[in-house]
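In what follows, a structure is listed as structure tokens, so that the remarks can point back to it.
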Amino acid sequence: MSSDPSITPELISEHGLTAEEYDRIKEIIGREPNYVELGIFSVMWSEHCSYKNTRALLKGFPVESPRVLVGAGEENAGILDIGDNLAISFKIESHNHPSAVEPFQGAATGVGGIIRDIFTMGARPVCAINSLRFGDLSNSEVRRLFRGVVSGIAHYGNCFGIPTVAGEVYFDQSYEGNPLVNAFALGVLRHDQIARGAAKGVGNPVFYVGPATGRDGLAGAAFASQDLTEESAEQQRSAVQVGDPFMEKLCMEACLELLATGAVAGIQDMGAAGLTCSTCETAARGGTGVEIDLAKVPQRSPGMTPYEILLSESQERMLIIVEKGREDEVKRIFDKWDLPWAEIGNVTDTGQMVVKNHGEVVADLPAAKLADEAPVYHREAKEPVYLDEVRNFTLEEIEDCDDPKSALEKLLEWPTIASKNWVYRQYDHMVRANTMVNPGSDAAVIRIKADSVPGDDAREDFPEKIIALAVDCNATHVYLDPYEGSKASVAECARNLACSGALPIGTTDNLNFGNPHNPELFWQLKESVRGLSEGCTAFDAPVTGGNVSLYNQNPDGAIDPTPTVAMVGVVEDEAHVTTQWFKDKGDAVILLGEPVGKGDILYGLGGSAYLQVIHGCKNGKPPVCDLGIERTLGTTLLGLIQSGLIKSAHDCSEGGLAVTLAESCFSELHGRNTPCFLGADVDLSSIVDIRSDALLFGESHGRIIISTSDIDAVKTVERAKLMGVPAQRIGTVGGDQLKVKLFNEEYAWEIAGLHDLWWNSIGNAMA
Amino acid sequence: MNFAVLQFPGSNCDQDCVHVLRNVMGYPTQLLWHKENNVGDADAVVVPGGFSYGDYLRTGSIARFSPVMGAVKEFADNGGFVLGICNGFQILCEAGLLPGALIRNRSLQFRCEHVYLKVATYNSPFTSQIPEGKLMRIPIAHGEGNYFCDANTLDEIEANDRILFQYADREGDITDHANPNGSLKNIAGICNAERNIAGMMPHPERAAESALNEKDGRLVFESLIQSLNPASTTA
Amino acid sequence: MKAKVIITPKAEVLDPQGKTVQTALEQMGCTGVGEVRVGKYIEIEMDGEHDEVKAKLSEYADKFLANPNIEDYRLKLED
Amino acid sequence: MKAKVIITPKAEVLDPQGKTVQTALEQMGCTGVGEVRVGKYIEIEMDGEHDEVKAKLSEYADKFLANPNIEDYRLKLED
Ligand SMILES: Nc1ncnc2c1ncn2[C@@H]1O[C@H](COP(=O)(O)OP(=O)(O)O)[C@@H](O)[C@H]1O
Ligand SMILES: [Mg+2]
């Protein structure tokens with residue numbers, strides 16, 4: 001178009017494309033692209049959409065299992081079989097940069113985006129979880145971001161009507177200015193309901209559904225694919241996306257109703273890179289072409305250019321390809337739900353994505369090449385120098401703890417360990433009446449009942465299912481050893497599922513890293529992917545999809561590498577659902593696993609919360625994670641749970657044994673402001689030759705605290721040992737104190753006091 | 001005995017109510033679309049929770065103009081039983097079927113947690129089957145559950161024994177500490193003067209099954225069923 | 001024409017939002033702050049003559065835009 | 001003195017609330033309704049002189065009362 005700027009090297013580089021990439025574009029289309037086409041390539045070839053820097057790496061992930069119905073990368077989200085013709089679809093996605101700029105709307109639209117991915121697959125979204133990272137809470141700007149993000153998630157999820165059932169929140173300096181907001185959603189469907197994002201059937205009409213397109217989030221995908229700078233943030237600020245959960249709820253109900261009619265040939269949400277990405281991806285998947293006319297696209301602001309319409313990321317919009325001749329059925333359903341819609345084009349056999357504006361062609365590109373032939377880079381990786389210093393750290397540098405009493409108090413009060421009730425009490429975690437284990441225990445557990453499946457709500461013989469979900473990543477450990485730390489994140493997630501009575505079946509991950517052009521940061525990424533792959537393989541929990549978010553940097557450098565791992569597991573029977581809290585006075589407290597990881601000269605203190613809180617250092621080699629041991633531990637615990645021996649199970653993670661014991665004593669909140677306490681008397685005096693700080697606060701992997709009734713204790717310990725899992729009874733539940741006896745000293749804490757510190761820490765900081 | 005559960009754009013506890021009435025309590029239950037203008041053969045109507053019309057402008061302010069609300073009013077005028085839960089309570093207040101209004105929680109935050117409810121009167125079709133002295137444990141999930149009405153209305157409600165539930169602590173005491181949203185007199189639920197329309201912020205439908213470790217909420221539905229058909233025996 | 005509806009919480013109604021804003025302002029060091037009330041501001045584009053629009057909007061403000069139990073409103077028409 | 005802060009969603013930003021109110025008005029039979037935008041209205045009692053109050057409030061409106069990413073605001077002082 002005449003008013004479009006001419007293509008100059010500056011313009012190309014402003015679009016985040018290199019000179020080589022530009023040459024490649026010319027080669028593909030056999031001519032110079034125009035301005036609109038340049039914009040299209042720039043978003044489609046951004047890291048966010050094309051994974052150009054990570055595609056090669058991600059190939060290492062295990063992606064197969066007999067349960068996989070739709071695998072990683074095939075569609076918007078993967079799908080796993082859960083038996084009886086039922087399936088689940090789930091995925092995690094980041095909205096880091098938008099949340100840095102506008103925390104409330106950024107987080108809200110992140111939730112909206114991931115929910116859309118799920119119902120686009122034909123599934124009814126039934127629960128959400130999230131993983132959040134912020135800088136230090138003592139900083140008021142951090143508190144502003146934290147408050148905004150949490151209320152944004154609450155706003156969207158609550159209004160939409162999806163329960164937010166689990167999550168994690170970490171606070172660490174490295175995230176200052178670049179918070180991480182990773183949102184996960186899960187939906188349920190029957191095998192025969194799987195919908196495809198393919199433009200099938202030449203001549204079929206293409207419908208646009210949802211609110212009018214505005215200038216919001218212009219080129220958001222590109223924004224997510226560069227370092228977060230004051231400049232890039234400012235640019236984004238001028239086009240903040242605003243979420244409308246109400247609209248999305250209508251959109252979801254209408255889409256599910258529509259899919260049931262069989263009138264839909266293909267369906268795709270408009271997420272990153274909006275109309276551009278959805279049209280060219282559906283055409284690419286369908287092996288067809290698509291032709292649309294922008295003049296027919298509903299527009300919110302007057303005078304929008306084709307470039308703007310195509311790249312807008314206005315929320316809650318869907319692209320639907322309808323079987324020709326059934327348009328009326330489709331329109332009737334949209335109208336029933338008061339949804340704006342427009343017929344904007346049709347499927348062709350040309351293989352081209354043709355975009356017109358009032359009949360005039362403004363872009364004409366080969367869809368499959370655009371979607372699938374983005375460049376692939378093998379970036380240079382170099383082991384970071386900081387690791388030398390990390391490895392040199394020894395415990396000789398610090399004295400053994402002389403005041404474990406206050407150390408435990410400080411750890412429980414540390415925001416990363418403290419209760420996250422300030423967060424999850426703002427989320428409706430019970431809507432849909434399926435939540436069997438609310439936030440606060442190791443993993444969330446929900447049931448799947450008839451109304452969890454589109455169209456099945458009145459089915460009487462519905463085969464109910466139970467699933468568990470957890471999300472984990474100890475980024476400090478990953479920073480100190482990306483490979484071990486990443487393996488351990490998978491192991492921790494699996495452990496959390498096992499503690500709840502579930503067998504892991506699948507994983508989705510969110511790789512949050514720094515700039516991939518920096519060889520040291522790329523090395524972190526590479527090592528991390530290696531660790532995740534081994535972990536997921538060990539647990540037979542293939543990766544069914546995920547998200548990569550690079551360029552997470554602030555002016556002081558990159559964030560700690562954060563490969564967030566979310567896992568889903570199945571619980572076979574209602575009776576197996578287990579929580580982390582001690583249940584009855586007189587019960588036996590048993591430790592599964594070695595008290596301290598073998599051969600670790602730091603006894604699990606490397607990278608521990610204890611070192612950070614008490615000694616102010618983030619140093620040392622983190623504990624290694626032996627996947628064989630983890631796997632045996634998990635199956636053993638599950639076996640014990642299934643034989644009805646276990647009353648509670650809680651794994652050891654941040655803060656070690658002492659924190660795990662304390663948390664097991666806290667019990668579930670019975671009602672508002674009404675905690676229940678159950679103390680324990682623990683004797684660790686048989687464990688000698690180890691520093692008390694390491695025994696109490698070390699973070700060796702592979703350990704779980706369980707409780708059983710007194711008479712089952714011996715049997716439980718023996719069975720565990722028979723399975724090859726070290727086990728020992730270490731105490732008894734009861735009283736209102738946590739008492740711990742070491743070989744040289746004895747400590748006692750009032751549970752009520754510990755609970756206060758732990759429960760109110762974040763709330764007080766936010767008051 | 002038939003139940004109807006209203007469905008507005010943005011309702012999101014509608015299916016939960018249907019599930020409990022149909023599958024847990026065992027009664028035929030239908031969703032009733034907001035554009036309908038009669039309640040069909042329903043013997044009782046539940047106005048469910050959620051965010052009708054996104055809660056935009058004010059909670060319940062748009063939903064109450066739906067055609068179906070005209071039908072509900074007529075149904076109630078003829079003595080039909082109507083129970084509004086959470087957003088349903090807000091809609092009934094907006095529609096003038098119940099007095100007062102529900103404003104922003106004083107914390108300004110959405111609150112989802114279990115609360116204890118003291119039953120303020122057993123003299124209603126919604127509470128009659130609750131054992132005397134029982135402290136109910138039921139979850140809330142709302143951002144605007146702070147009940148407000150003017151002083152005269154409050155006097156009238158109290159004088160006529162129309163408060164159904166009040167937020168209490170574990171001892172059953174009505175304290176400020178136990179109040180999750182700032183509502184007047186810790187009010188969690190009320191009924192109209194004729195006692196056939198009730199509204200409550202807590203969600204009994206989320207606390208009606210042992211699978212969710214909850215059963216206190218069942219008592220509200222059992223009361224309703226018993227009142228509709230005194231001959232019915234509920235387990 | 002552009003009409004504006006200003007909706008404010010009634011004097012006797014608790015205004016948790018206003019209270020919070022007031023406290024926050026004080027905590028940020030803003031001195032001299034007294035009572036704060038937070039209400040709504042609605043702008044409506046409307047066809048028609050002044051009087052007609054006014055009559056129509058008063059009707060809808062009474063029954064819909066404001067809740068007389070808890071809110072007062074003022075109408076302003078731009079000419 | 002009484003200060004008023006009128007906060008409106010920026011013109012280019014989506015206003016789902018306004019859109020929903022607009023549709024509701026139309027469905028209720030209110031004819032001639034065009035665009036509706038819903039914002040906030042804050043009344044603040046404040047000690048001090050006109051200029052001083054104005055300066056102070058502008059500062060806090062910028063950094064706290066309004067969200068500059070998605071909102072514009074106007075300040076009005078009653079004298
Ligand atoms: N952002 C959040 N949203 C919902 N629930 C959360 C969130 N953060 C933490 N939780 C819940 O708090 C509990 C403790 O979390 P965490 O300390 O991360 O557990 P773990 O160490 O076992 O992984 C879990 O039940 C978790 O789901
Ligand atoms: Mg855990």
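In what follows, chains carry the letters A, B, and so on, assigned in the order in which the sequence lines appear, proteins first and then strands, with residues in each chain numbered from 1. Remember, predicted model here, so these are calculated numbers, not experimental data.
When heavy atoms are compared at a cutoff of 4.5 Å, D/I44 approaches chain C by way of both its backbone and its side chain. For D/L65, the part lying near chain C is the side chain, with the backbone staying farther off; criterion is any non-hydrogen pair under 4.5 Å.
Contact annotation: the side chain of D/E45 never approaches that of C/V33 to less than 4.5 Å [non-hydrogen atoms, C-beta and beyond].
Atom NZ of D/K76 has 12 or fewer neighbouring heavy atoms from other residues, nucleotides or ligands inside a 6.0 Å radius. Within 6.0 Å of atom NZ in C/K4, more than 12 heavy atoms from other residues, nucleotides or ligands are found, so the atom counts as buried in its surroundings.
Contacts between residues 9-16 of chain C and chain D, defined by a heavy-atom separation under 4.5 Å, are made by no residue at all. Contacts from residues 35-42 of chain D to chain C, taken as heavy-atom pairs separated by less than 4.5 Å, involve D/E35, D/V36, D/R37, D/V38, D/G39, D/K40, D/Y41, D/I42 in sequence order.
C/Y60 meets the side-chain hydrogen bond (donor to acceptor under 3.5 Å, both in side chains) test with no other residue; sequence neighbours excluded.
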Residues 24-31 of chain D, side-chain donor-acceptor partners within the protein, below 3.5 Å, at least two apart:
residue, atom, partner, partner atom, Å
D/T31, OG1, C/K56, NZ, 3.1

